[in-house]
S.K.: 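Would you mind keeping the following structure in view while I ask a few things?
Letters A, B, ... mirror the listed sequences (proteins, then strands); counts begin at 1.
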Number of protein chains: 2
Amino acid sequence: MAQVKSDIEIAREASWKPIQEIGAKLDIPEEHLLPFGHDKAKISSQFISSLADRKNGKLILVTAINPTPAGEGKTTTTIGLGDALNRIGKKAIVCVREPSLGPSFGMKGGAAGGGYSQVIPMEDINLHFTGDFHAITSAHNLLSALIDNHVHWGNSLGIDTRRITWRRVMDMNDRALRDIVAGLGTGNGFPRETGFDITVASEIMAILCLARDLHDLEQRLGNIIIGYRFDKTPVYARDLKADGAMAVLLRQALQPNLVQTIENNPAFVHGGPFANIAHGCNSVIATSTALKLADYVVTEAGFGADLGAEKFFDIKCRKAGLKPAAAVIVATIRALKMNGGVKKEDLGTENVKAVLAGCPNLGRHIENVKQFGVPLVVAINHFHSDTDAEVEAVRNYVATLGGEAIVCSHWANGSAGAVELAEKVAALAEGGASNFAPLYVDDMPLLEKMETVVKRIYRGAGVVASDTIQAQLKRWEEEGYGKLPVCMAKTPYSFSADPTVLGAPTGHVIPIREVRLSAGAGFVVAICGDLMTMPGLPRVPAAERIFLSPDGYVEGLS
Amino acid sequence: MAQVKSDIEIAREASWKPIQEIGAKLDIPEEHLLPFGHDKAKISSQFISSLADRKNGKLILVTAINPTPAGEGKTTTTIGLGDALNRIGKKAIVCVREPSLGPSFGMKGGAAGGGYSQVIPMEDINLHFTGDFHAITSAHNLLSALIDNHVHWGNSLGIDTRRITWRRVMDMNDRALRDIVAGLGTGNGFPRETGFDITVASEIMAILCLARDLHDLEQRLGNIIIGYRFDKTPVYARDLKADGAMAVLLRQALQPNLVQTIENNPAFVHGGPFANIAHGCNSVIATSTALKLADYVVTEAGFGADLGAEKFFDIKCRKAGLKPAAAVIVATIRALKMNGGVKKEDLGTENVKAVLAGCPNLGRHIENVKQFGVPLVVAINHFHSDTDAEVEAVRNYVATLGGEAIVCSHWANGSAGAVELAEKVAALAEGGASNFAPLYVDDMPLLEKMETVVKRIYRGAGVVASDTIQAQLKRWEEEGYGKLPVCMAKTPYSFSADPTVLGAPTGHVIPIREVRLSAGAGFVVAICGDLMTMPGLPRVPAAERIFLSPDGYVEGLS
């Protein structure tokens, strides 16, 4: 392929429209669009409230096989499908997550789709955007400061400073802040061990993405458990009177961000919680608002379907009362080959056998999504090195499961490359075949919920949890947290807890190493492996290559 | 006084105009206004560049006597004077500093003027505003992360980790972060002592406020000294290839923010560096742009005239080539009484003798401003408890110095309360009496510059500096930093180094405890006392009283 343009070049050449024009496509009056520059806007809370009685459009989930270094293109497919639905005459909105600023300076450039399926303005979306993540950082760290300040001034709440679980956050890859001792020196409070997570790992991010409105947001903020007293009883953010000020800091961040795709179709880019210790979906308020404004809303979940779609269904949809009409599982020939045992450097060579060896990973995800009662189609996100034989192998494999796999070339061709997919998705959604239900009922005990996910989604033999962990879960159930869904923090690379076991393993045991209660967000996190909540920068960070060109363009973001 | 409205109530009741209308008053085309909501906008770099050949308007500095707990109202007077100049038919723009978010949750509420002389939207300006401070925080902490990352991956630059002077920043009052040990645990870099300052104390804030354009900004960012090698040679941000990415993070923050006063006159609210370790003025780019767009530009400096006006003249005006046409020195009867020895609780009682006893503080500032060749007027910012006799005493005192003191009631009455002041300021400025020159020439040795400020402005006997400090200054002179201006970090409460010595002391010695080179900002800081670069929260933080009302208003900010 000669002269492939970079994402940022394509984005820059896109002919964007004023955001008011994009809003007008959705009948949003100008006064209810809070502009950020000429190409971004937040949608006013009043306008969102006014939509309550409208009928919902159809919700389409885009998920994927287990991620590999080959890349799958979930966000790109979400955007391409949205554009293609608009192309075939459906009114569609894309709902994707906001990228985190910090990682843009680390390994990768941006994360706003790719090729001819992007949301723009790409540079802004990847950097400060409309300030949502900065607001989350501020609200989080205000609570942190209030905790240490409370202890400094006498600790009338009796907080056990060894058991403060609330850390600080920063939207930066900064490994030196993972473990720190703060409060050193005289007059600076009391020294204690603590640390920083990256902002997207903040419980406030998860709260913002699950809150229905400002009132619900403030309630959830107050429910945050920041640590424990000497008698082991929890201390809430509400006890520190932090909830009001935090809600003030977040009031604008809660409003969904409207931008456009390269093809000038509306896109909501809002929220971006971790897909391990949180649920990994864009905000409920963005998705719900989009459903009131369009016939089709295409949204994505984090990682592969085992982690991402499961949480989308069991946490987001359950909590927000959403009923997905259809799902798309994205796969690439290259990623299937890796699942079939091929090394990254050998991906350019045709290898039908390896593709077929990797297909059971896809098959497992297909079965899993069906368990939730949601009809689906497989999208093969085309890469130029894919051969016809490889593609045919996947199509045949999916057909044997009673499904359909459609090749898409939206990366190279925009919406024109995803028309067949869009038509299939529309047919599925309009067919009314969806009979969505979460995997487990609220009333199931917490450990049993974890067992259910492990057995039915990961196809493992079960969980292993120590007596201490089991006692902790029992205590939470007694305290009234038993009806919460569980949020599995497991490696995204495998159905097992071992990231090197690709394909479709069975019989593995999932060790629950730790459990955490996210009382504000409203779920119980089961940590089943190493958990990285503050990334580091690589030896040669992307930051070294990012600069402003003499004409003011951002170079090096992708 | 019955039923005094709070600042936030007054601000909320103001009838604001769309920011495009405010821009239109300055002939800024809509496409060059980057809106943030309907009431805030950034001015495009292209538009600013297009103004280069225009004539400058007249620059008016608003400064004050030494600050006391009684309050002086410098920002309020700046805004009131701007409105009054517009009222008498002059085209005027107000240029003030952006308040810091963190302190809003500490002792005080907001900082956007007061009463009927405010800039709006007050809540936004006091919170995230247009994200400038968040961008500075990100750029600062990106550099911090790159430093520790460089050491982690082998430290090829040979940085002496004990001599890394670049800390981290957060826009929050968080004393627990003043002194920390970071990099603990395995794989998280190398442990070392460091800490956080509040964002406004970042050298990047000073850089942003002194940069002429994006190119100059990037150069200055590269010039930042982050620490020293084992051989004591400096390590620059440029050595870490951090300057490009930092400039990218700051490119929008560099654009001035346009808002409006309560009376719908244009105001630029942009930048807000510390007035001790930095120069304490709003941005050069905002002031310079305003001068191209209006006949009068009214701006403020930090603290009292000894620290604030001196730095405005010797750092900002010198570096940006600005020539102030007139100055206003703000005083209040209450603050003069405190300078005359009255305690805060006794300020409500008439006390002409105490007022007169405090007047020499005002007199000293009058003489000092005159030394710079700038004609001035005194503004007595009226408070309801002031008596006629007290006011008359000040007017007479100022008259004996050949000057004029004018009573203003803009806090209570808006522009109508500052018409006389505006007329006097216009007369002074149009009289052409200004013959501005900085206090010292570039070529003077650094220690002598400090001596000059101490003797001529603080009226002290001189400085005391250890041999080590003197050797350090000599070394910087040899390295080419000798032509930089000096930035005195001294208590703002006294002409001396002792904050309890009010009035107009003489003969005191100013100890230089430490010197710091801000090579990016372009000045040498002389630290002459305790320096607090990260505030703490009080026993009962304002955060506890800040919340959203059911109708979505921010309560408790002021």
S.K.: Quick check on A:Leu214 against chain B: is it the side chain, the backbone, both or neither that has a heavy atom closer than 4.5 Å?
M.R.: side chain
S.K.: Check whether A:Asp171 gets within reach of chain B through its side chain, its backbone, both or neither, counting any heavy atom under 4.5 Å.
M.R.: neither
S.K.: For A:His128, is it the side chain, the backbone, both, or neither that has a heavy atom closer than 4.5 Å to a heavy atom of chain B?
M.R.: side chain
S.K.: Counting only non-hydrogen atoms closer than 4.5 Å, does A:Met534 touch chain B with its backbone (N, CA, C, O), its side chain (CB onward), both, or neither?
M.R.: neither
S.K.: Checking B:Asn141 against chain A: side chain, backbone, both or neither under 4.5 Å from a heavy atom?
M.R.: both
S.K.: Can you tell me which of B:Glu123, B:Glu31, B:His215 forms the most heavy-atom pairs within a distance under 4.5 Å of chain A?
M.R.: B:Glu31
S.K.: Any idea which of A:Glu193, A:Met172, A:Arg175 has the most non-hydrogen atom pairs under 4.5 angstrom with chain B?
M.R.: A:Arg175
S.K.: Given the options A:Thr137, A:Asn173, A:Leu33, which has more heavy-atom pairs under 4.5 Å with chain B than any of the others?
M.R.: A:Leu33
S.K.: With chain B as the partner chain, list the residues of residues 240-247 of chain A whose heavy atoms fall under 4.5 Å from it, by residue number, and write 'none' if nothing qualifies.
M.R.: A:Leu240, A:Lys241, A:Gly244, A:Ala245, A:Ala247
S.K.: Who wins among B:Leu177, B:Leu537, B:Asp124 for the most heavy-atom pairs under 4.5 Å with chain A?
M.R.: B:Leu537
S.K.: Where on B:Leu127 is there a heavy atom nearer than 4.5 Å to chain A: the side chain, the backbone, both, or neither?
M.R.: side chain
S.K.: Counting heavy-atom pairs under 4.5 Å to chain A, which of B:Gly189, B:Gly154, B:Ala135 comes out on top?
M.R.: B:Ala135
S.K.: Heavy-atom pairs under 4.5 Å with chain A are the metric here; pick the option from B:Arg539, B:Glu544, B:Gln252 that has the most.
M.R.: B:Arg539
S.K.: Are A:Val200 and A:Phe133 packed together at the side-chain level, in the sense that at least one heavy-atom pair is separated by less than 4.5 angstrom?
M.R.: yes
S.K.: Looking at A:Ile180, A:Thr194, A:Thr130, which makes the most heavy-atom pairs under 4.5 Å with chain B?
M.R.: A:Ile180
S.K.: Quick one, A:Ile204 with A:Thr199, criterion side chain to side chain contact (heavy atoms under 4.5 Å, CB included). Give me CA distance, side-chain angles, the key distance, then yes/no.
M.R.: CA-CA 9 Å; A:Ile204 296 180; A:Thr199 299; over 6 Å; no
S.K.: With a 4.5 angstrom heavy-atom cut-off, which part of A:Phe196 approaches chain B: side chain, backbone, both or neither?
M.R.: side chain
S.K.: Checking A:Trp166 now: which residues fulfil ring-ring contact (aromatic ring centres under 6.0 Å, His included) with it, not counting sequence neighbours?
M.R.: A:His140
S.K.: For chain B, which residues from residues 34-47 of chain A have at least one heavy atom closer than 4.5 Å to it?
M.R.: A:Leu34, A:Pro35, A:Phe36, A:Gly37, A:His38
S.K.: Given side chains that start at C-beta, do those of A:Thr165 and A:Ile226 come closer than 4.5 Å, heavy atoms only?
M.R.: no
S.K.: Let me know if A:Leu249 has heavy atoms under 4.5 Å from chain B in its side chain, its backbone, both or neither.
M.R.: both
S.K.: Could you grab the distance from atom CG of A:Leu254 to atom CD1 of A:Ile207, nearest 0.5 Å is fine?
M.R.: 11.5 Å
S.K.: Any idea which of B:Gly187, B:Pro538, B:Gly195, B:Ser144 has the most non-hydrogen atom pairs under 4.5 angstrom with chain A?
M.R.: B:Pro538
S.K.: If we only count heavy atoms from C-beta on, is the B:His134 to B:Leu101 side-chain gap below 4.5 Å?
M.R.: yes
S.K.: In terms of heavy-atom proximity below 4.5 Å to chain B, should A:His152 be classed as side chain, backbone, both, or neither?
M.R.: side chain
S.K.: Can you measure from OG1 (B:Thr161) to CD1 (B:Ile159) and round to the nearest 0.5 angstrom?
M.R.: 9.0 Å
S.K.: One thing to verify: whether A:Asp197 and A:Arg168 come together as a salt bridge, which I'm taking to mean a side-chain N less than 4.0 angstrom from a carboxylate O.
M.R.: no
S.K.: When you compare the side chain of B:Leu250 with that of B:Leu221, does any pair of heavy atoms fall below 4.5 Å?
M.R.: yes
S.K.: Decide yes or no for A:Ile136 and A:Val169: does some side-chain heavy atom of the first lie under 4.5 Å from some side-chain heavy atom of the second?
M.R.: no
S.K.: Do other residues, nucleotides or ligands put more than 12 heavy atoms under 6.0 Å from A:Tyr236 OH?
M.R.: yes
S.K.: With side chains defined as the heavy atoms from C-beta onward, is the minimum distance between B:Leu184 and A:Val181 less than 4.5 Å?
M.R.: yes
S.K.: Can you check whether B:Arg212's main-chain N or O pairs, donor with acceptor, with B:Asp216's side chain at less than 3.5 Å?
M.R.: yes
S.K.: Between CD1 of A:Ile147 and CG of A:Asn149, what distance do you get to the nearest 0.5 Å?
M.R.: 11.0 Å
S.K.: State which residues pass ring-ring contact (aromatic ring centres under 6.0 Å, His included) with A:Phe129; sequence neighbours excluded, sorted by chain then number.
M.R.: none
S.K.: Treating A:Arg167 as the side-chain partner and A:Arg178 as the backbone partner, does any N or O pair qualify as donor plus acceptor under 3.5 Å?
M.R.: yes
S.K.: Is B:Leu146 close to chain A through its backbone or its side chain, or both, or neither, when contacts mean heavy atoms under 4.5 Å?
M.R.: both
S.K.: In the structure I gave you, are the side-chain heavy atoms of B:Met122 and B:Arg12 within less than 4.5 Å of one another anywhere?
M.R.: no
S.K.: Who among B:Ser138, B:Gly185, B:Pro550, B:Gly131 has the most heavy-atom pairs with chain A under 4.5 Å?
M.R.: B:Ser138
S.K.: Less than 4.5 Å apart, side chain to side chain, heavy atoms only: is that true for A:Arg545 and A:Phe547?
M.R.: no
S.K.: Verify salt bridge (charged side-chain N to carboxylate O under 4.0 Å, His left out) between B:Glu218 and B:Arg251, making sure each step is shown before the conclusion.
M.R.: CA-CA 10 Å; B:Glu218 189 166 359; B:Arg251 84 192 153 127; over 6 Å; no
